[in-house]
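All chains are named by letter (A, B, ...) in the order of the sequence lines, taking the proteins before the strands, and each is independently numbered beginning at 1.
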2 protein chains.
Amino acid sequence: MGIIRKTKAVKILLDLFENEFSAILAVDLVERLKNEMNKTTVYRALDRLEDEGIIHSFVGKNGLKWYAKCKNNCTSDHHNDVHPHFECKKCKKVMCLPVEVTIPNIPNHTIDNTAVFITGICDNCND
Amino acid sequence: MGIIRKTKAVKILLDLFENEFSAILAVDLVERLKNEMNKTTVYRALDRLEDEGIIHSFVGKNGLKWYAKCKNNCTSDHHNDVHPHFECKKCKKVMCLPVEVTIPNIPNHTIDNTAVFITGICDNCND
DNA sequence: AAATTAAAGCAACTGTGTTGCGATATAATA
DNA sequence: TATTATATCGCAACACAGTTGCTTTAATTT
């Protein structure tokens, strides 16, 4: 762990996430890259990038998997990106929101991980 | 809307949710009821019950669909159950938490719906 | 450059959820 | 109660995201 090969697939994906502000659907990546690599390759490379703490994944309302770049020094052991994900009903984009969500104390429960998924209308579409 | 037929499937499902505190996986329902009804029937009856505001659904970390009984006078138009769902890593149960989660204001964003999914260890397993 | 190790490609598969449609049950009406 | 209308059921087939096994190819190591 800690070592990730700079394969063609990894380079392409890294580049893609570098230039993409919003999150990307796994299936969209497969579609966009179908001429450059096999879908198995896409899924496996995404897995590796996530293991390395370079990107993180989450599941949308419909059960589809999204990926977005990590910004908070995540490692293979721990993802620090516990921010909400926001899906705009208009432009359909999904974005990471740079805000903290505080979960109220729940008696006797040990909280391990929190995923917040918000839908609504984003700032861009709200003008 | 507002009228739901008391079919065999609906009765069985209602009874099941009445006696079940935690949420139930759709696939588990299909499995549990496979001798009594077809899986298509299960999915369609669940749809109807959700439309009527009797149960609500959400998606777990793995993309699987969960259903749980509504407790806050939900209607077909609006589900008021905006509580977190908590999955225990030990007993694997998923429960609705009766707490409010406040999402911080996000400039220029219109919030429509919020889904919070928490994983950890529940009170029952924490003793 | 040769050997080692990891990633890529392909095809076939898994599993959840959906759809179309004829058969059947429920409710409305006569 | 018998008849008609309408919604649900069951079945088989399908859609589709994601996975697996295995062989080939590419990236590192020595």
Could you check how far CG of A/Leu64 sits from C1' of D/dA17, rounded to whole Å? 7 Å
Side-chain donor/acceptor contact of B/Lys39 with base of D/dG10 under 3.5 Å: no
Can you tell me how far C1' of D/dC11 sits from CE of B/Met37, to the nearest Å? 16 Å
Test of understanding: with side-chain contact (heavy atoms from CB on, under 4.5 Å), list the residues that count as partners of A/Lys11, not counting sequence neighbours. A/Lys6
Listed in order of residue number, which residues of residues 17-30 of chain A have a non-hydrogen atom at under 4.0 Å from DNA chain D? A/Ala26, A/Val27
For B/Leu14 and D/dT8, what is the distance between atoms CG and P respectively, to the nearest whole Å? 13 Å
Could you check whether atom CG of A/Asn105 has more than 12 heavy atoms from other residues, nucleotides or ligands sitting under 6.0 Å from it? no
Where chain A begins and ends its contact with DNA chain C, read 5' to 3' at 4.0 Å from heavy atoms: C/dT5 to C/dA11
Charged N-O contact under 4.0 Å between B/Glu87 and B/Lys61: no
Without decimals, in angstroms, what is the distance between B/Asn62 CG and D/dT19 C1'? 14 Å
Spacing of B/Asp51 atom CG relative to D/dT8 atom C1', expressed in whole Å: 14 Å
Atom-to-atom span, CZ of A/Arg44 to P of D/dT20 - whole angstrom: 9 Å
Ring centres under 6.0 Å, that's the criterion: do B/His56 and B/Tyr67 meet it? no
Tell me: OH of B/Tyr43 to P of D/dC9, nearest whole Å? 15 Å
Starting at CG of A/Leu97, measure out to CD1 of B/Ile111 and round the result to the nearest 0.5 Å. 8.0 Å
Does A/Thr40 reach a base, just sugar-phosphate, or nothing at all? Heavy atoms under 4.0 Å. base
Could you check whether the rings of A/Phe58 and A/Phe117 sit parallel, tilted or perpendicular, using 30° and 60° as the cut-offs? tilted
What is the distance, rounded to the nearest whole Å, between atom CG of B/Asp47 and atom P of D/dA7? 16 Å
With a non-hydrogen cut-off below 4.0 angstrom, is A/Ala9 in contact with a base, only sugar-phosphate, or nothing? sugar-phosphate
